[in-house]
Amino acid sequence: MEHKKVRVRFAPSPTGGLHLGGMRTVLFNYLYARQHKGDFVLRIEDTDQTRYVAGAEEYILECLRWCGLEADEGPHAGGPYGPYRQSERKDMYRQYAEQLVKDGYAYYAFDTPEELDAMRARLKTDDNPSPQYNHIVRPHMRNSLRLLPEETAQLLAAGTPHVIRIKMPASEEVAFTDMIRGEVQFNTGTVDDKVLLKADGMPTYHLAVVVDDYLMKISHVFRGEEWLPSAPVHILLWRYLGWEEQMPQWAHLPLILRPDGNGKLSKRDGDRLGFPVYAMNWNDPRSGEFTKGFREMGYLPEAFINMLAMLGWNDGTGQELFTLDELVEKFSVSRVHHAGARFNIEKANWFNHQYLVKADNRRLAQLLMPLLQEKGVQASEEYVANIAGMVKERCNLVNEIWDHSFFFFQQPETYDTAAVKPKWNADKRQFFLEWGSVLETLSDFSLAGIEDSFKQLATSMNMKVGELQLPLRIMLCGGKFGPPVFNIAEMLGKHETIARIMKAVPVFDA
RNA sequence: GCCGCGUUGGUCAAGGGGUUAAGACGCAUCCCUUUCACGGAUGAAUCACGGGUUCGAUUCCCGUACGCGGUACCA
């Protein structure tokens with residue numbers, strides 16, 4: 001068992017956008033697999049036909065691709081343990097459920113949804129708000145445990161709709177060692193008789209995970225903490241199916257919580273608080289609802305991943321910036337925090353800033369192109385790259401580069417005159433007019449050339465350089481922002497610089 | 001209700017019987033810069049509560065409180 005090859009899986013259900021928590025589960029699976037030279041499998045858990053959403057699977061694949069966390073096996077890549085969509089494996093599950101019935105670990109239940117509702121309504125009290133179908137109530141329901149064998153046989157023969165439920169022992173301790181939490185124990189008496197096979201012949205999650213993890217030789221399961229309560233069901237299934245020796249090791253990851261208040265982070269929180277929750281834009285074909293994702297908001301995938309990794313894990317040294325390779329090398333399950341972590345968009349922005357500053361300018365230019373096109377701007381990639389390099393350190397998101405550099409692409413329409421007018425006078429006006437003609441004849445329109453001419457003229461006119469820089473900035477940008485002024489002038493080029501000065505002077509005069 | 005998992009500054013968190021209880025984000029002040037940012041410096045701010053155990057508990061044990069998760073023919 002210790003020598004078993006590491007095989008992990010990410011098993012989402014294709015029902016909508018992939019959010020933060022899901023992506024972090026992907027990450028941890030990926031890190032563990034790579035670290036142990038194992039396999040990372042993607043399995044689509046689409047056993048609920050009613051929740052199927054067109055495009056969700058492709059969307060998930062694209063999210064993994066964006067982050068560079070692609071699976072080795074899956075519906076997209078194939079592999080020796082396919083098919084990797086549970087809907088395509090439908091026929092494989094029934095036999096296991098039947099075997100469990102035969103072995104006395106499960107039973108047929110013929111209760112209709114209405115009968116189940118009635119049972120719950122009848123048993124519901126303040127002390128027991130959600131009655132379970134368990135060892136206490138099952139003797140009173142329509143199932144093969146209570147019915148005579150011939151009655152059951154008859155119902156079955158007649159094709160009566162039925163499910164197969166696991167028969168949880170009345171009181172047995174089920175314990176296991178969670179890789180993150182250590183010893184965890186449950187009493188089976190508190191767990192209900194989960195449905196394993198639904199009336200439509202599809203397995204539920206509980207049966208499908210166990211069967212598929214077994215068939216796909218999964219060695220370690222990383223999943224959200226919300227699955228912890230159903231772990232005893234899964235463990236019993238492994239045991240009842242006779243596969244306990246092959247059972248994977250469990251690791252229940254802490255949840256990612258809302259930044260404010262209480263509860264698990266949801267898409268709604270993002271909408272309400274104005275930050276993304278999904279990895280990429282998601283357009284729900286059913287509701288028509290559109291949700292913005294990290295990618296389109298201008299986050300870099302490496303920053304996104306780094307941020308996700310630090311949400312619940314750290315290496316103990318205080319280091320916060322890690323490349324994917326470093327994470328692969330340093331990740332350790334024992335250092336995963338036990339408690340849930342509140343998501344903090346400010347910190348996410350800081351991570352992105354770190355990577356944005358380090359990012360290659362050509363790449364930033366390419367990422368920016370769609371936005372520029374949207375703004376109706378035409379510029380060469382080289383020009384955009386230079387500009388991105390100039391302003392990126394004052395941005396958190398790729399998309400913010402525009403907000404800090406738009407004046408490179410279009411002349412100011414309005415000016416922050418309040419910042420210049422109080423100190424605007426004839427001398428300054430004269431200075432800019434003269435400097436304009438100096439620039440005309442300037443052969444060396446380089447940063448140094450521009451700056452020197454500016455300073456020389458200022459000195460010769462007995463004026464303070466510092467007091468002239470702000471007006472110049474406002475002439476060129478329209479306001480008090482942007483990179484160092486002379487850099488802007490250089491980037492704009494001689495003609496544009498002069499044009500902007502001449503355009504602004506009368507505005508300042510007015 | 002029941003079951004499970006948690007609880008170190010506003011947030012992410014290190015630490016783990018004796019520490020001035022790291023670091024990061026954010027915030028504040030200052031320096032740099034006649035824009036903004038970056039960078040630098042400084043600062044405010046934390047061991048949920050109550051019992052044990054111990055010479056000594058933030059750290060170990062037990063309770064309590066609080067939070068979260070689960071309690072579907074959803075995953």
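The figures here come from the full heavy-atom set of this structure, side chains too, leaving out hydrogens, waters and symmetry mates. First the proteins, then the strands, lettered A, B, ... as listed; each starts at 1.
Mapping A/Val195 and A/Asn314 onto RNA chain B by nearest heavy atom places A/Asn314 at the nucleotide closer to the 5' end. Toward the 5′ end of RNA chain B lies the nearest nucleotide of A/Gly316, the other residue of the pair A/Gly316 and A/Asp46 mapping further downstream.
Out of B/A75, B/G4, B/U7, the shortest distance to the side chain of A/Glu45 is found at B/A75. Closest contact between the side chain of A/Thr47 and the listed nucleotides B/U11, B/A75, B/C3 involves B/A75. When distances run from any side-chain atom of A/His337 to the nucleotides B/C73, B/C12, B/A14, the shortest one goes to B/A14. Relative to the side chain of A/Glu225, the nucleotides B/A72, B/A24, B/G4 differ in distance, and B/G4 lies closest. Listed nucleotides B/G69, B/G6, B/C74 differ in distance to A/Lys264; the shortest reach to its side chain belongs to B/G69.
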Reading nucleotides 33-42 of chain B 5' to 3', which nucleotides get B (base under 4.0 Å from a protein heavy atom), which S (sugar-phosphate only), which -? -BBBBS----
For RNA chain B, what string of dots and brackets results from 5' to 3' when Watson-Crick and G-U pairs need both distances under 3.5 Å, crossing pairs get [ ], and pairs with another strand get |? (((((((..(((.....[....))).(((((.......)))))....(((((..]....))))))))))))....
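As judged by a 4.0 angstrom heavy-atom cut-off over every strand, A/Asn128 is placed among the base-contacting residues. Using a 4.0 Å heavy-atom cutoff across all strands shown, A/Arg223 reaches no nucleic acid atom at all.
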Start with the C-alpha gap between A/Lys347 and A/Glu320, add the side-chain angles, then the distance that decides, and say whether salt bridge (Lys or Arg N to Asp or Glu O under 4.0 Å) holds. CA-CA 11 Å; A/Lys347 190 69 185 259; A/Glu320 292 196 279; 2.8 Å; yes
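Ring pair A/Trp350/A/Tyr355: centre-to-centre distance not below 6.0 Å.
Here, B/A13 and B/G23 have their C1' atoms 8 Å apart, quoted to the whole Å. Using P as the reference atom, B/G18 and B/C12 are 25 Å apart when rounded to the nearest Å. Nucleotides B/C60 and B/G16 place their P atoms 10 Å apart, quoted to the nearest Å.
Rounded to whole Å, the distance from CH2 on A/Trp350 to P on B/C12 is 16 Å.
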